[in-house]
There are 2 protein chains.
Amino acid sequence: MPITEDGIYDVALRLIEADGVEALTMRKLAMALNANPMSLYHHVPNKEAVLRGATARVGSRFSTRDPQHLPWQDRLRHMLLDFRELALEHPKLMTYCLGRAEYIQPDDSFWLDLTDVLAAAGLPAEEIPRVAATLCATLTGLMISELTGVVQQWATLPSAPGGGPCPAPTRPDLDAMARFVLNGVLASVENHPARVPEQG
Amino acid sequence: MPITEDGIYDVALRLIEADGVEALTMRKLAMALNANPMSLYHHVPNKEAVLRGATARVGSRFSTRDPQHLPWQDRLRHMLLDFRELALEHPKLMTYCLGRAEYIQPDDSFWLDLTDVLAAAGLPAEEIPRVAATLCATLTGLMISELTGVVQQWATLPSAPGGGPCPAPTRPDLDAMARFVLNGVLASVENHPARVPEQG
DNA sequence: ACCTGAACACCGTTCAAGT
DNA sequence: ACCTGAACACCGTTCAAGT
C-alpha cells in the first residue's frame, strides 16, 4: 500500500504510544511503514511536522457533545473530564504536547465550547479569554502531572519528616483528585469578581 | 582551571538558559568548559545526570523564608509566588523539568513547608499529601503554560467566532492571572471537606 | 587519577540519480 | 510524481591508549 500523510501520522501515533516520543525516529517510522526512510520526506516536510500531525489527529478525536441545555457548571465539568479521558487514552503523546505551545487552537471545538460555557456562566466577554486561559493552564498541570506520574509520586510522599509514606493512589483516587481540582475551578469561576450571575 | 562537577552544572545551566535545553550538547558543554568532550565523563555519568544536576542547582536556590507567624493563607501565598519567581528566573530549564518527574523531592524545603502549611490550615495528616500533590500539579500547569507562552497565546484568542483577538497580556496581567489561580487554590483548601478550621 | 583521540552506533536531512 | 542510495553534519557514549 502506498504511503499517505494520514498513514504516517497514524503509525507515528502508534509508535509513540508504544515506546514514547523520544524513541520515535524517522528511520523507525519508515520501517514500520515498510518504506524507505527518505520516502517520508515526499509526504511530510520534517519530523516536527510528523509530531504536529499526530497531535492534531488526537485533537480531532475530542468529540464534545456539549449538552447546552444543562447548567454551565455541568457543561464545564463534562468538558474537562472528557479532556482528561482523551489525555489518558494517549498518555505518551499528550505528555509531550501538553508541555509545548499550540495544542489548543482558536477553532478547536474545545476552545469554542469553553468560551461559550464561560459566557453562559455570566462572565463579561472581555474577561473570558483570560479566565479560559487560566482554566486551560490548570488542566494542563493536572494532566501533565498525572501522565508523568509525579502526582502519584507526590501523593505517596510522607507529610511529616517522621511520617511514613502514604499508600500509592489508585485510579479512583486519581479520579477524586481530578474532581477536587475541578471543583476548585468551578468555584473560581463562580466567585469571579466580574461575573454577573444569571437570574432565575 | 580544572573541571568540577558543580562547574559542569553551572555552565550547563547557563547554556540552557541561553539556547534552550534541546540545544545542549555534551560537545558544546565541553567547548564552553574549554575541555575535551570526553573529559566530562570522568565527572558525570551521562547527559541525563547533567540535566538532573542543573535542575538540582536551581532547586537549591529556592530559599523560602517561610514566615511561620503569619496565617497559613499568607504563608501559602508567599510560597507559591516565590516558586513562580524562581521559575521565571530560569525559564528554559524550568520548562523542561516541570514536564517530567522528580523535580520536587520529599526533603526539599518546598515540600516540607507546603505540608507544614497545610497542617496549619487544619487538614488531617492523611489528606495532606494528596492535597499538596494537587496544589503542585496546579502550580506546574500555571508555570509551564506561562513559560512556554501558551497562556499568553490563549489569553489573546478571540472569545467568540466573530470577535477580534484580545490585546496580549502584559507582565502585570500575568501576575493577576497567577493570583487568580492562587485564590482558587486557597479557596479549595479552605473548603476542603475534611478540614478542621483552627479555632480563634 | 585524569585526560584524549579514534571509533561505534545512531540521528535528521539533502541531493543527485533512478522509475 | 514518487522513490532510493549515498552522503553530510551532527549526536551520546565506549574504550584503549596516553600522562
Side-chain angles (χ1 to χ4, degrees), chain A residues 1-58 92-97 99-103 148, chain B residues 1-58 92-97 99-103 148:
Chain A
M1 58 205 158
I3 302 171
T4 66
E5 198 184 329
D6 284 347
I8 290 176
Y9 298 148
D10 277 341
V11 173
L13 182 54
R14 196 161 51 73
L15 290 185
I16 287 169
E17 292 306 331
D19 299 322
V21 179
E22 67 288 341
L24 182 71
T25 281
M26 294 300 270
R27 287 167 155 97
K28 285 186 200 163
L29 181 54
M31 189 142 46
L33 283 157
N34 275 4
N36 182 289
M38 298 309 115
S39 303
L40 303 185
Y41 287 92
H42 287 275
H43 303 87
V44 137
N46 50 37
K47 186 181 179 179
E48 191 196 320
V50 172
L51 292 171
R52 233 193 342 259
T55 301
R57 221 149 164 74
V58 170
K92 296 273 176 58
L93 181 63
M94 287 303 281
T95 303
Y96 166 80
C97 72
R100 41 211 86 226
E102 317 142 18
Y103 73 96
T148 60
Chain B
M1 59 206 156
I3 302 171
T4 65
E5 197 183 331
D6 283 346
I8 291 176
Y9 299 148
D10 277 342
V11 173
L13 182 54
R14 196 161 52 73
L15 290 184
I16 287 169
E17 292 305 331
D19 299 322
V21 179
E22 66 290 341
L24 182 71
T25 281
M26 294 300 270
R27 286 166 155 99
K28 286 186 200 164
L29 180 54
M31 189 141 46
L33 283 157
N34 275 5
N36 182 288
M38 298 310 114
S39 302
L40 303 185
Y41 287 93
H42 287 275
H43 303 87
V44 136
N46 51 35
K47 185 180 179 180
E48 192 197 320
V50 172
L51 292 171
R52 233 194 343 260
T55 301
R57 222 149 163 74
V58 170
K92 296 273 176 59
L93 180 65
M94 286 304 280
T95 304
Y96 165 81
C97 73
R100 42 211 84 227
E102 317 143 19
Y103 73 96
T148 61

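Quick caveat, the model's predicted, so the values are computed rather than measured. Just so we're on the same page: letters track the sequence lines, and every chain starts at 1.
Side-chain atoms of B:K47 and B:L29, non-hydrogen and from C-beta on, never get closer than 4.5 Å to each other. Between B:L24 and B:L51 there is a side-chain heavy-atom pair separated by less than 4.5 Å.
If you take CG on A:L40 and CG on A:L33, they are separated by 6.5 Å, rounding to the nearest 0.5 Å.
Figure legend: cation-pi geometry between A:R100 and A:Y96, with NZ or CZ positioned under 6.0 Å from the six-membered ring centre and within 45° of its axis.
Computed from coordinates, the B:L33 CG to C:dC2 P distance equals 16 Å when rounded to whole Å. If you measure from atom CZ of B:R27 to atom P of D:dG12, you get 7 Å, rounded to the nearest angstrom. Rounded to an integer number of Å, the gap from CG of A:L24 to C1' of C:dC10 is 15 Å. Rounded to an integer number of Å, the gap from CD of A:E22 to P of C:dC10 is 16 Å. Per the geometry, CE belonging to A:M26 stands 17 Å off P belonging to D:dG5, to the nearest Å. Rounded to an integer number of Å, the gap from A:E48 CD to C:dG12 P is 13 Å. Distance CE (B:M38) to C1' (D:dG12): 8 Å, rounded to an integer number of Å. Between the CG atom of B:L40 and the P atom of C:dT4 there is a distance of 10 Å, given to the nearest Å.
Relative to the side chain of B:H43, the nucleotides C:dA7, C:dG12, C:dC3 differ in distance, and C:dC3 lies closest. For A:T25, the side-chain atoms get nearest to C:dG12 when compared with the rest of D:dC11, C:dT13, C:dG12. Comparing D:dC3, C:dT13, D:dG12 against the side chain of A:S39 picks out D:dC3 as the nearest.
Using a cutoff of 4.0 Å between basic side-chain nitrogens and carboxylate oxygens, A:R57 and A:D6 are scored as salt-bridged.
Figure legend. C:dC10 is base-paired to no nucleotide; pairs are counted as Watson-Crick or G-U wobble with both atom distances under 3.5 Å. Within the shown strands, D:dA16 is the pairing partner of C:dT4 under the Watson-Crick or G-U definition, both distances less than 3.5 Å.
Mapping A:K28 and A:H42 onto DNA chain C via the closest heavy atom, the residue that lands nearer the 5' end is A:K28.
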